[in-house]
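For reference, the structure is listed below as structure tokens.
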Amino acid sequence: MTLPTYDKLLDQIDDMRKEEWDEDKSKKLHNQKINNISILGARGTGKTSILKSLINKLEEENIEENKCKKDIILGKNVVLPMIVPENMSTSSNLMSMILGLFKGIVDKLEKKYDNKTRDCWFEKKSNISTQYLELVKKFCFIQPDFKSVPIKQYTTENDYVEKSSQIYQSDIEFMACFNEFINKLMTIKEDEEEKEEKNKRLIFVFIDDMDLSTQRCVDAVRTLLAYISHPRIVTVLAGDLETFEEALTLDFIRQEQMLRADILETNFVVANGEKVKYLERKKELTYEYLKKVMPVIYRHNLREWSLETRGNYIVKGNVGNAKSLVELLNACFSTLENPPIFQYFENEEGEGKNLPQMFHIFDHTARGLNAVYNVLLDTHYIMQNGEEDKKFPQIKILLETIVGSNSLFNQYRKQIFEDIIKFGVDFEGTKIDCENFESFIEKEFPKNEQNKPEEQEKTEELKETKYKINSIKTKKRFRFFVLLDFSIRVLEKNEILDDKTYLELKRDNMIKLINNPVISESMASSKDIVKSGEGNEIILCTNLKNEDAQIMSDIILKFLSSSDFSFALTLYNFLSYKRFDFFEDGKENDVDWSWMYELCCSIYNELKSISRFKMGKEKEIDREAQIRITLASFTTLFKEEFRNLIGLIGGGNPVSQMLKMLLNGISSELDYRVFLGWKEKKYRNILLNILSNILERRIFDKNFLIPLNEKGDEYKKLFATDEYKNMYDRLSIILSIDKNDLWKDNYSKVVRKYVKGRLIYFIEHSKFKENEMVDVSCIEADWIVFKRIYKGVSNTIARQLESFINGLFTSNGYLKIKLSDLKGLFDQLTRLAYSGAWYGRAEAFTILKALENAKLDSSHESNLEEESSILLEYLYVFIHIYASYTLAENNDLYLLSANVSEFINYIYDGFNVGVNNQIESYKAILTKDVGKETVSKFEELFS
């Protein structure tokens, strides 16, 4: 429904119906009651549709109530035909129109009365007919042209006075007569068995399109206030409030003959001593006047359809299971090779959300949306029935309707269809010219110019004006690009999606989207966050200080610049969920890693959303399989980005990801000297995974942190000596803070700072021996598979890896390696996984994924020196404390860690599937030319 408060409107009518009224009191003019309901909105927002819907509902109520009775003229709802001032003659006014509509009711009642009395020997008018004629007579007396006639026809002085008196009293007499007439209508009983229910009947006057007749606005509001103010009359008025305000303000000024620029700008002193311009005073007067005529409580504003809601537009007719606009779009185009995507999915079960930026191609009014909706219904029917001969003409009509119904596009209709979208007789004969599109955009909406030095001194008001103009221009450029992209897809011009000009246009518009939240209908200010880089890349305007944050930002920007446009929009909406400048939290030296995990999850959410969209076309594929397939298709385009993501975050279970998220963000200056002093970042995740495997058994239970106080006594014993008396007391206070949930208190800041400092100290001073044994039984199943695969006939990388791992197991025992050798194993696996080799790459990815779960041998604690053992125990305690207060501040970290863990596992699987697909595709191409037998010798021939 276009009117969100429609149900409230119906409730207000019921309240008016229930309101007590007295026939005698209503004759007194001071007991007037204004029941004016206003349906307010701009042109095309659906005001007329609301009025018609309300009229239909009221008439249906009459039919339902009188279904067992015949010839009932006055039901509980006396609905007068709708009045459209634009259709009134120049000599008519609103009151004469209303009286004319009452004439139709009176005539019907008179005819019914005649049928009942036709056997009588004399003719007699009914009471209501007599009352109506008297009312018309009184109305004539208040007409300006009529007033002068009786006065001019006087014969004596007394006659002149008497006729003048009638004229002077005419307004009051007409109002009293009108009220009596309405009272009579309220009390008429058409059926002898009808009970006395005068409080039940209401008269409805509907006035539409007042905003088309500004000259009628003054007449309308004065008629409503002066005459149509009976307790049993409900007036429903549709128009634009701003139009009413403008018309009334001008009328007030004309009446006072003040329509001069110098007077309008003149300041007048009001009661409180404040100076106010004359024009502003008249606007305030209009505002107060309209509050009487159109009570604020009875105003119902029609919404303009926002980007987020346009897809929900629906016309519910006689056909069941009506589809919304976005459902029709999906039904029509989801099966295309490169479909336009209008929805994204936040989860696996819920309804999809509209992808707001894609709805820029549709008008914001109900009238515009309705035009497109009706064409889409026909398009869906043709697509559903496979009528291929009708498909192209229908797509042509659809694009023409989208352009014609959109106020912006329609201004450039000729350029669009002559220079950019050049329709032929079929899909093949139709051309889309991206270069012409680019020239058109640069001509009509040139890029924003930087302020010149001499313009820097401009006033803030001028700067704001220029900012608004630039924002509007930027928004228009983006809207036209969405139209171009949509046209390319529905006309199946898929080759254009790889065209250089199109890719540059896509990049430029993604930059506009990121820098200008106004495109997404946000009030957030525009700022230069990103800019164009080499090729079609998008880069930050200012590099981030933190190296890890910069890597993550580069990954995100690569996805935004190189993804399909609809996919990039999907990612953008996940990224901008909390804030439009989603790089803001990464601009300091010390970066909260939960921010980077959120960005990582945004990519994962994008892939899951795309997978769910594709599952609509391939329902036989389950969720997990579809995600792997989608990821595999992305690994070719984003191979380096996924590799960097694995290098930055690494795999591991949710606990491992949780601890990495916590520990990685402790300090930008932290040297990861823990375990042999491995400072290289590419090994950092392996080490933190091993640490998390120890901590998982100590401070976590089923992926959730054990409450700190459950370990309180155990931790206190570590410091129960005179040497650690202060530490013991500190720990006691920390446990009390945790128990009473005081971590967020300002007084606890100093405690949090102390905990973080001690944690950094213990990380930098904890160390394991180089000959510590690592249990890699986690890779056993994948290692067995790797040994069985074909690895070529020469000294391939796969054979080298097999030899290396065998050597490790020979020296240390099966599935046992030294901690110092873990780096070498990681390097050898990475070398094969990311190489161009044919053999063993997919299996290397599988082993790398499994290696994330490596752990220290069970005998490690007994082999530690006493000093190292104590330091590690202290480290475990302070990690537990740090995790406790961090999770208390942000409980979303549990979900983040679980999602990232799942995502990284899918990336490994995606690489696995992607590698196999690439090799098989390569072989298939060669096999067509040289045969399968020759291709099988490829490795031997080129080794």
**Study point:** Stepwise side-chain contact (heavy atoms from CB on, under 4.5 Å) test for Asp585 and Val591
**Key:** CA-CA 7 Å; Asp585 291 334; Val591 175; over 6 Å; no

Check your understanding: Run the side-chain contact (heavy atoms from CB on, under 4.5 Å) check on Lys353 and Gln343 step by step: do they pass?
Key -> CA-CA 5 Å; Lys353 294 185 70 173; Gln343 279 187 312; over 6 Å; no

Exercise for review: Please lay out, stage by stage, how Ile529 and Thr542 fare under the test side-chain contact (heavy atoms from CB on, under 4.5 Å).
Suggested key: CA-CA 8 Å; Ile529 301 171; Thr542 305; over 6 Å; no

Check your understanding: So Tyr839 and Tyr790, ring pair (Phe, Tyr, Trp, His ring centres under 6.0 Å) or not? Walk me through it.
Key -> CA-CA 7 Å; Tyr839 310 115; Tyr790 179 71; 5.0 Å; yes

Check your understanding: Checking salt bridge (Lys or Arg N to Asp or Glu O under 4.0 Å) for the pair Lys849/Asp782: CA distance, chi angles, key distance, verdict?
Key -> CA-CA 10 Å; Lys849 174 184 174 183; Asp782 300 306; over 6 Å; no

Exercise for review: Starting from the C-alpha separation in whole Å, work towards a yes-or-no answer on side-chain contact (heavy atoms from CB on, under 4.5 Å) for Asn516 and Phe478.
Suggested key: CA-CA 10 Å; Asn516 298 277; Phe478 187 87; over 6 Å; no

**Study point:** From CA spacing to verdict: ring pair (Phe, Tyr, Trp, His ring centres under 6.0 Å), Phe911, Tyr834
**Key:** CA-CA 9 Å; Phe911 268 123; Tyr834 293 105; 5.7 Å; yes

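The backbone N or O of Ile341 lies less than 3.5 Å from a partner atom in the side chain of Ser566, making a donor-acceptor pair. Judged by distance alone, with hydrogens and angles left aside, the side-chain atoms of Ser609 form no donor-acceptor pair with the main-chain N or O of Asn605 at under 3.5 Å. At distances below 3.5 Å, not a single donor-acceptor pair connects side-chain atoms of Arg489 with backbone N or O atoms of Leu497. A donor-acceptor pair is defined here as one N or O able to donate and one able to accept, closer than 3.5 Å; such a pair exists between the side chain of Trp595 and the backbone of Phe582. Checking side-chain atoms of Asn644 against main-chain N and O of Met552 turns up no donor-acceptor pair under 3.5 Å. Counting only distance, with no hydrogens or angles, the side chain of Lys756 and the backbone of Tyr882 share no donor-acceptor pair below 3.5 Å. Glu308 places no side-chain N or O within 3.5 Å of a backbone atom of Pro356 that could act as its donor or acceptor partner. A donor-acceptor pair under 3.5 Å is absent between the side-chain atoms of Asp701 and the main chain of Phe704, judged by distance alone. Formation of a donor-acceptor pair under 3.5 Å by the Ser803 side chain with backbone atoms of Arg799 is not found in this model. At distances below 3.5 Å, not a single donor-acceptor pair connects side-chain atoms of Ser884 with backbone N or O atoms of His880.
Asn853 and Cys778 make their closest contact through C-SG, 3.8 Å (heavy atoms, listed as atom of the first residue, atom of the second, distance). Val776 and Ala854 make their closest contact through CG1-CB, 4.2 Å (heavy atoms, listed as atom of the first residue, atom of the second, distance). Scanning both residues, Ala833 and Phe845, for their nearest heavy atoms gives O-CE1, 3.1 Å. The heavy-atom pair separating Leu832 from Ala837 by the smallest distance is CD1-CB, 4.0 Å. Across every non-hydrogen atom of Ile907 and Ile646, the tightest pair is CG2-CD1, 3.7 Å. Across all non-hydrogen atoms, the minimal contact from Ala883 to Leu705 is C-CD2, 3.8 Å.
Checked by atom type, the side-chain pair Asn806/Glu802 shows no donor-acceptor distance below 3.5 Å. In summary, the side chains of Lys660 and Asn689 do present a donor paired with an acceptor at a separation below 3.5 Å, with no hydrogens or angles considered. Residues Gln657 and Tyr597 bring a donor and an acceptor atom of their side chains to less than 3.5 Å of each other. Under the 3.5 Å distance criterion, with hydrogens and angles disregarded, no donor-acceptor pair is assigned to the side chains of Glu852 and Asn905.
Atom CG of Leu851 and atom OG1 of Thr846 lie 12.5 Å apart (nearest 0.5 Å). Note that CD1 of Ile496 and CG of Asp485 are 10.5 Å apart. Values are rounded to the nearest 0.5 Å. The CG atom of Leu895 lies 10.0 Å from the CE atom of Met658; values are rounded to the nearest 0.5 Å. In this structure, the separation between CG on Asn890 and CG on Leu662 is 10.0 Å, given to the nearest 0.5 Å. With rounding to the nearest 0.5 angstrom, the OG atom of Ser520 is 10.5 Å from the CD1 atom of Ile514.
Considering only heavy atoms from C-beta on, Ile690 comes within 4.5 Å of Leu822 through its side chain. The side-chain heavy atoms of Phe567 and Leu571, taken from C-beta on, include no pair separated by under 4.5 Å. Asn693 is not listed as a side-chain neighbour of Leu856, based on a closest heavy-atom distance of 4.5 Å or more. Side chains of Ile555 and Ile603 form a contact here, defined as non-hydrogen atoms less than 4.5 Å apart. Between Ile629 and Lys614 the shortest side-chain heavy-atom distance does not fall below 4.5 Å. Between Val482 and Met358 there is a side-chain heavy-atom pair separated by less than 4.5 Å. Looking only at side-chain heavy atoms (C-beta outward), Asn536 and Ser561 stay at 4.5 Å or farther from each other. Using a 4.5 Å cut-off on side-chain heavy atoms (C-beta onward), Leu848 and Phe826 make contact.
Each of Leu663, Leu648, Leu893 was compared with Trp593 under the side chain to side chain contact (heavy atoms under 4.5 Å, CB included) criterion, and only Leu648 meets it.
By the 6.0 Å contact criterion, NZ on Lys500 is open, its count of non-hydrogen atoms from other residues, nucleotides or ligands being 12 or less. Annotation for Lys512: atom NZ counts as buried by contact number, over 12 foreign heavy atoms lying within 6.0 Å. Counting non-hydrogen atoms of other residues, nucleotides and ligands closer than 6.0 Å to CD of Glu351 gives a total of 12 or fewer. Remark: Glu640 CD is packed, more than 12 non-hydrogen atoms of other residues, nucleotides or ligands lying under 6.0 Å away. Heavy-atom contacts from other residues, nucleotides or ligands closer than 6.0 Å to NZ of Lys587 number more than 12.
Taking the six-membered ring for Trp, Phe486 and Phe359 have ring centres at least 6.0 Å apart. Checked against the 6.0 Å centroid criterion, the rings of Tyr502 and Phe481 qualify as a close aromatic pair.
The salt bridge (Lys or Arg N to Asp or Glu O under 4.0 Å) pairs that include a residue from residues 596-606 are Lys578-Glu598, where partners are two or more places apart or lie in different chains. Screening residues 891-903 for side chain to side chain donor-acceptor pair (under 3.5 Å), with sequence neighbours left out, gives Tyr604-Glu902.
Ring-plane geometry between Trp783 and Phe809 is classed as perpendicular, the angle between the planes exceeding 60 degrees on a 0 to 90 degree scale with a lower cut at 30.
Note that Lys791 lies in the cation-pi zone of Phe786, set by a 6.0 Å cut-off to the ring centre and a 45° limit from the axis.
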